[in-house]
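Structure record follows, encoded as structure tokens.
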Amino acid sequence: MPGHRASDGERARWSGSPLRTQVWVLTTRSLRAAFGDYRLVCLGLLQPVVLLVLFSQVFAGVGALPGMVGYDGYVNYLMPATLVNIAMITAMGAGAGLLAETYTGVVGRLRTLPISPVSVLVARTLADTARLAVQLVAIVVAAVLVLGFDPDGGVVGLTAAVALTLVVGWGLSWVFVAIATWGRDIELMQAVSFIAVYPLMFTSSAYMPLEHMPLWVRAVAAANPLTYAIDATRALALGRSPGWALPCAVLLAGVAALAGSAVAARNFRRSA
């Protein structure tokens, strides 16, 4: 009503906007920050392309191994795995981004507002997942145009592979957000992330079929959650049946999201 001024009782009853509105506003804020600097945007898009080109050339000899002929080129075997690896690296950035905003005082200012602490964490994971989507599109285009990536699954299979990667990346981002709220130290975050990321990447089916690995590495790779995500993504992109790898990948991503969000929310509230 024009000219109406809220009474003290009305102001006291206002407890903030709905959770979905909080998440939307905070997510768009994070996205504007992420895409506001063209230098960071260019480097963020260039990083996965450089990794794909590097690994496709360094491990090119793997394409000559028995059992790799059916992939019609090593890049077709490597590319889907690179999607998942980029998702893990971007998920690690979700935790680093939360810590950066904590040290710069952004999180402290958000705590003074009538918003749910959970919305801050959800917005962080959604913003990084949206950033991951842009990176995945960029690397797919680069792989097709530069490296001759030719997935037998076509547009439908490749879209399904990217969608699965986004689900996996979102689940992993909660794990790293939980680590960030637990340690609240950038150096500790980097140390834990290094231990978690690179052993998982290299003891999986990302760069070489399991049957060509040493026995103990093969056993580790068979139990590695990334192997299920990579096998499912690779099967979808190449137009093959993912089998049990697909439900296992989705289930593991869901478990990571649930466990990570529970730990992160608890730690975040305790640090208030």
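Values below: all heavy atoms of this structure, side chains included; hydrogens, waters and symmetry mates excluded. Given the structure is predicted, the values throughout are model-derived calculations rather than measurements.
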Quick one: closest heavy-atom pair of [X] and [Y], and the distance?
X      : Y      : result
Ile230 : Ala81  : CG2-CB, 3.6 Å
Ala87  : Thr165 : CB-CG2, 3.7 Å
Ser205 : Leu210 : CB-CD2, 4.0 Å
Ser173 : Ala91  : N-CB, 3.4 Å
Ser119 : Ser116 : OG-O, 2.5 Å
Val168 : Ala253 : CA-CB, 4.0 Å

Just by distance, do the side chain of [X] and the backbone of [Y] share a donor-acceptor pair under 3.5 Å?
X      : Y      : value
Ser30  : Leu26  : yes
Asn76  : Asp150 : yes
Gln135 : Ile86  : no
Tyr228 : Ala222 : yes
Asn224 : Leu200 : yes

Exercise. Check step by step if side chain to side chain contact (heavy atoms under 4.5 Å, CB included) holds for Trp170 and Leu126.
Key: CA-CA 7 Å; Trp170 183 71; Leu126 291 179; 3.8 Å; yes

Heavy-atom side-chain contact between [X] and [Y] under 4.5 Å:
X      : Y      : answer
Val197 : Phe176 : yes
Phe35  : Val134 : yes
Val118 : Arg269 : yes
Leu51  : Asn85  : no
Val263 : Trp182 : no
Phe149 : Leu52  : no
Thr203 : Tyr198 : no

What distance separates [X] [atom1] from [Y] [atom2], expressed to the nearest 0.5 Å?
X      : Y      : atom1 : atom2 : answer
Arg124 : Trp174 : CZ    : CH2   : 11.5 Å
Gln22  : Leu110 : CD    : CG    : 10.5 Å
Asp152 : Leu158 : CG    : CG    : 11.5 Å
Thr125 : Leu132 : OG1   : CG    : 12.0 Å
Leu147 : Leu78  : CG    : CG    : 9.0 Å
Cys248 : Asp231 : SG    : CG    : 10.5 Å

Flag yes if [X] and [Y] sit in one hydrophobic cluster, no otherwise; membership is Ile, Leu, Val, Met, Phe, Trp, Tyr, and two members link when side-chain heavy atoms are under 4.5 Å apart.
X      : Y      : answer
Trp24  : Leu121 : no
Phe202 : Leu54  : yes
Val146 : Met79  : yes
Leu252 : Trp244 : no
Leu226 : Val167 : no

Quiz item: Can you list the steps and then say if Leu83 with Val140 is a side chain to side chain contact (heavy atoms under 4.5 Å, CB included)?
Solution: CA-CA 9 Å; Leu83 297 180; Val140 167; 4.1 Å; yes

Quiz item: Parallel under 30°, tilted from 30 to 60°, perpendicular over 60°: which one fits the rings of Tyr77 and Tyr74?
Solution: parallel

Self-check item: Residues Arg29, Glu101: salt bridge by 4.0 Å N-O rule
Solution: yes

Self-check item: Among Val23, Val120, Leu19, the one residue meeting side chain to side chain contact (heavy atoms under 4.5 Å, CB included) with Ile115
Solution: Val120

